[in-house]
**Student:** 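Provided herewith is a single structure, encoded as structure tokens, for subsequent inquiry.
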Protein chains: 2
Amino acid sequence: MSENASDSPDLAPSDTASDDRTADAQADGFARVRAAHENEMAEDYVELIAELIEATGEARPVDMAERLGVKPPTVTKNLSRLTRDGLVKRERYRSIFLTEEGENLARACRERHRTVVSFLMALGIEEEVAQRDAEGIEHHVSGDTLRAFEVFLQKNS
Amino acid sequence: MSENASDSPDLAPSDTASDDRTADAQADGFARVRAAHENEMAEDYVELIAELIEATGEARPVDMAERLGVKPPTVTKNLSRLTRDGLVKRERYRSIFLTEEGENLARACRERHRTVVSFLMALGIEEEVAQRDAEGIEHHVSGDTLRAFEVFLQKNS
DNA sequence: TAGATATATTAGCCAGGGCTAACTTTACAA
DNA sequence: TTGTAAAGTTAGCCCTGGCTAATATATCTA
């Protein structure tokens, strides 16, 4: 990133030189990563809730905890946050449901996840590894990149 | 991940059925992502320190803060953590140096970063976007996947 | 060289997302 | 139906990594 902070003619407010623009762009990139992190929990949870409802008819905290590899109190706390944020609807000690917004997010996440896994496997990566890496990568794949993955998959079907 | 939790004959302790193994593997995946997160700050910082030293001869907190898009006190606090963890060596109000371990980490990170960016660009993604996405993706790319990226790059040079 | 300015640090706050221990509620079985 | 086991929640702790305000140190310039 530093070695050649030259090309890529972008707009930028122009201040002193290319140094400042590069710094801005880099700061922007890090900010995006931090923002993505704030959504990761939500994405993982709604995705998992959708999966469990589809597979077993309901999503129970104990099962979510097992799948996520965390303890049940962590799930409870995070479900409260998701409820606060309008992605989940539920009553104490009762079943977990996704709101409309939660459903939409879950759908998008699951599609993106599938795409990333398929893409990695198309590169020759083993399914298990592809699944694991996708879990971390998927949250940082922009729309542009996701589309590039899809194009690649179409060409290499 | 849910729709077809079947194939991929792995090892696993075998308990009841495929359900348990799948849950284990999934939990493992999430655990890996959480572990990766714990290293992200360290990786970003040492990478940036190496870049700045190479580009300007020294790494100053004020420049790091600008590049990272955070405020200087955040940099100070995180540098203390890196010092505690043996990646950085420095004295108060004085220059920042990487330890041997820090240098090694920085080198590996920079190489991985270059590979990820090149790979994304080889897929037809614009440099700017590739840089941004790489910033988030790179921390979750396993050795296997990194190798697959390199293979792809060799084939598509 | 002294004083203003820039840089760095400290202190103290906040939210996120883990945990354990203790308690409540639900569900199941005798 | 009642009592025990399983599931869920609450309370309270920890560390990370942001922030602002206040303070300390360095640097640069007049």
Side-chain angles (χ1 to χ4, degrees), chain A residues 16 23 27-49 52 56-85 87-97 135-136 139, chain B residues 16 23 27-49 52 56-85 87-97 135-136 139:
Chain A
T16 39
D28 203 64
F30 284 120
R32 266 166 208 274
V33 175
R34 284 195 299 273
H37 280 172
E38 289 179 12
N39 296 326
E40 281 190 38
M41 185 273 286
E43 292 180 356
D44 289 339
Y45 274 58
V46 298
E47 201 175 335
L48 180 56
I49 290 167
L52 286 172
T56 74
E58 65 172 346
R60 297 155 73 221
V62 67
D63 295 326
M64 293 185 62
E66 189 194 1
R67 297 285 181 134
L68 292 164
V70 301
K71 302 295 178 184
T74 300
V75 172
T76 296
K77 189 189 285 192
N78 287 332
L79 284 174
S80 299
R81 296 202 244 259
L82 298 183
T83 302
R84 177 199 64 190
D85 296 345
L87 295 169
V88 160
K89 202 151 223 148
R90 81 195 219 87
E91 301 154 44
R92 278 212 290 168
Y93 296 100
R94 313 258 46 175
S95 275
I96 299 161
F97 299 100
E135 212 81 72
H139 303 288
Chain B
T16 40
D28 203 64
F30 285 121
R32 267 166 208 273
V33 175
R34 285 195 298 274
H37 281 172
E38 288 178 12
N39 295 327
E40 281 189 38
M41 185 272 286
E43 293 181 356
D44 288 338
Y45 274 59
V46 298
E47 200 176 336
L48 180 55
I49 290 167
L52 286 171
T56 72
E58 66 173 343
R60 298 154 74 221
V62 66
D63 295 326
M64 293 185 63
E66 189 193 1
R67 297 285 182 134
L68 292 165
V70 300
K71 301 294 176 184
T74 300
V75 172
T76 295
K77 189 190 283 192
N78 287 332
L79 284 174
S80 299
R81 289 178 180 145
L82 298 183
T83 303
R84 176 199 65 191
D85 296 345
L87 295 169
V88 160
K89 202 150 226 150
R90 79 195 223 88
E91 301 155 43
R92 278 212 291 170
Y93 295 99
R94 315 257 45 177
S95 275
I96 299 161
F97 300 100
E135 212 82 70
H139 304 287

**Student:** Among D:dA7, D:dG18, C:dT20, which is the nearest nucleotide to the side chain of A:Arg60?
**Tutor:**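 Nearest nucleotide to the side chain: D:dA7.
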
**Student:** Measure the distance from CE on B:Met41 to P on D:dG18 and round it to the nearest whole Å.
**Tutor:** 8 Å

**Student:** For A:His37 and A:Pro73, find the nucleotide of DNA chain C closest to each by heavy atoms; which residue's nucleotide sits nearer the 5' end?
**Tutor:** A:His37

**Student:** Could you state the atom-to-atom distance from CD of B:Glu58 to P of C:dT7 in whole Å?
**Tutor:** 11 Å

**Student:** A:Phe30 CZ to D:dC19 C1': how many Å, rounded?
**Tutor:** 19 Å

**Student:** Could you check which of C:dT7, D:dA7, C:dG18 has an atom nearest any side-chain atom of A:Tyr45?
**Tutor:**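 Taking heavy atoms from C-beta onward, the closest nucleotide is C:dG18.
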
**Student:** Please report how far the helix from C:dT1-D:dA30 to C:dA30-D:dT1 bends, comparing the axis fitted to its first five pairs with the axis fitted to its last five, to the nearest 10 degrees.
**Tutor:**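 What I find for the helix from C:dT1-D:dA30 to C:dA30-D:dT1 is an axis angle of 0°.
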
**Student:** Of all the choices, C:dA8, D:dG18, D:dG8, which nucleotide is nearest to the side chain of B:Pro61 once you look at every atom?
**Tutor:** C:dA8

**Student:** Less than 4.5 Å apart, side chain to side chain, heavy atoms only: is that true for A:Ile49 and A:Leu79?
**Tutor:**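 Touching, per the 4.5 Å side-chain cut-off.
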
**Student:** Would you indicate which nucleotide in C:dG17, C:dC19, D:dT9 comes nearest to any side-chain atom of A:Thr76?
**Tutor:** D:dT9

**Student:** Just how far is it from atom CD of B:Glu43 to atom CG of B:Leu87, taken to the nearest 0.5 Å?
**Tutor:**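 If I round to the nearest 0.5 Å, the distance is 10.0 Å.
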
**Student:** B:Glu40 CD to D:dG18 C1': how many Å, rounded?
**Tutor:**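 Taking atom C1' of D:dG18 as the reference, CD of B:Glu40 is at 15 Å.
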
**Student:** Would you say D:dT9 has OP1 or OP2 under 4.0 Å from some side-chain N or O of A:Arg90?
**Tutor:** yes

**Student:** Could you check how far CD of A:Glu38 sits from P of C:dA15, rounded to whole Å?
**Tutor:** 13 Å

**Student:** Would you mind reporting whether A:Leu52 and A:Met64 have side-chain heavy atoms less than 4.5 Å apart?
**Tutor:**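 Touching, per the 4.5 Å side-chain cut-off.
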
**Student:** Quickly work out the B:Lys77 NZ to C:dT10 P distance and round it to whole Å.
**Tutor:**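 The answer, rounded to whole Å, is 12 Å.
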
**Student:** OP1 or OP2 of C:dG17 sitting under 4.0 Å from any side-chain N/O of B:Arg34?
**Tutor:**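 So the side-chain polar atoms of B:Arg34 never come under 4.0 Å of the phosphate oxygens OP1 or OP2 of C:dG17.
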
**Student:** What about A:Arg81, does its side chain sit under 3.5 Å from the base of C:dG17 through a donor-acceptor pair?
**Tutor:**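 In this structure, the two groups form a donor-acceptor pair.
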
**Student:** Would you tell me if any nitrogen or oxygen in the side chain of B:Thr74 comes within less than 4.0 Å of OP1 or OP2 on D:dG17?
**Tutor:** no

**Student:** Please determine if A:Arg32 and A:Asp28 form a salt bridge, counting it only when a charged side-chain N lies under 4.0 Å from a carboxylate O.
**Tutor:**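 Yes, this pair counts.
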
**Student:** In the structure I gave you, are the side-chain heavy atoms of A:Lys89 and A:Thr83 within less than 4.5 Å of one another anywhere?
**Tutor:** no

**Student:** Roughly, in whole Å, what's the span from CG in B:Leu68 to P in D:dG17?
**Tutor:**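 From B:Leu68 CG to D:dG17 P: 12 Å.
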
**Student:** In Å and rounded to the nearest 0.5 Å, what is the CZ to OG distance from A:Arg92 to A:Ser80?
**Tutor:**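 It is 10.0 Å, given to the nearest 0.5 Å.
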
**Student:** Restricting to nitrogen or oxygen on both sides, can you table the protein-nucleotides 24-29 of chain C pairs closer than 3.5 Å?
**Tutor:**
none

**Student:** Kindly indicate whether the side chain of B:Val33, heavy atoms from C-beta on, has any atom under 4.5 Å from the side chain of A:Glu40.
**Tutor:** yes

**Student:** Does the base of D:dG18 carry an N or O that pairs as donor and acceptor with the side chain of B:Lys71 under 3.5 Å?
**Tutor:**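 Side chain to base: no pair below 3.5 Å.
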
**Student:** When you compare the side chain of B:Tyr45 with that of B:Asn78, does any pair of heavy atoms fall below 4.5 Å?
**Tutor:** yes

**Student:** Within this structure, what is the CE-to-P distance between A:Met64 and D:dA7, rounded to whole angstrom?
**Tutor:**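 One finds 15 Å between P of D:dA7 and CE of A:Met64, rounded.
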
**Student:** How many angstroms lie between atom CZ of B:Arg34 and atom CE of A:Met41, to the nearest 0.5 angstrom?
**Tutor:** 12.5 Å

**Student:** Any side-chain heavy atom of B:Arg81 within less than 4.5 Å of one from B:Val88?
**Tutor:**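 They are not in contact (no side-chain heavy atoms under 4.5 Å apart), so the answer is no.
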
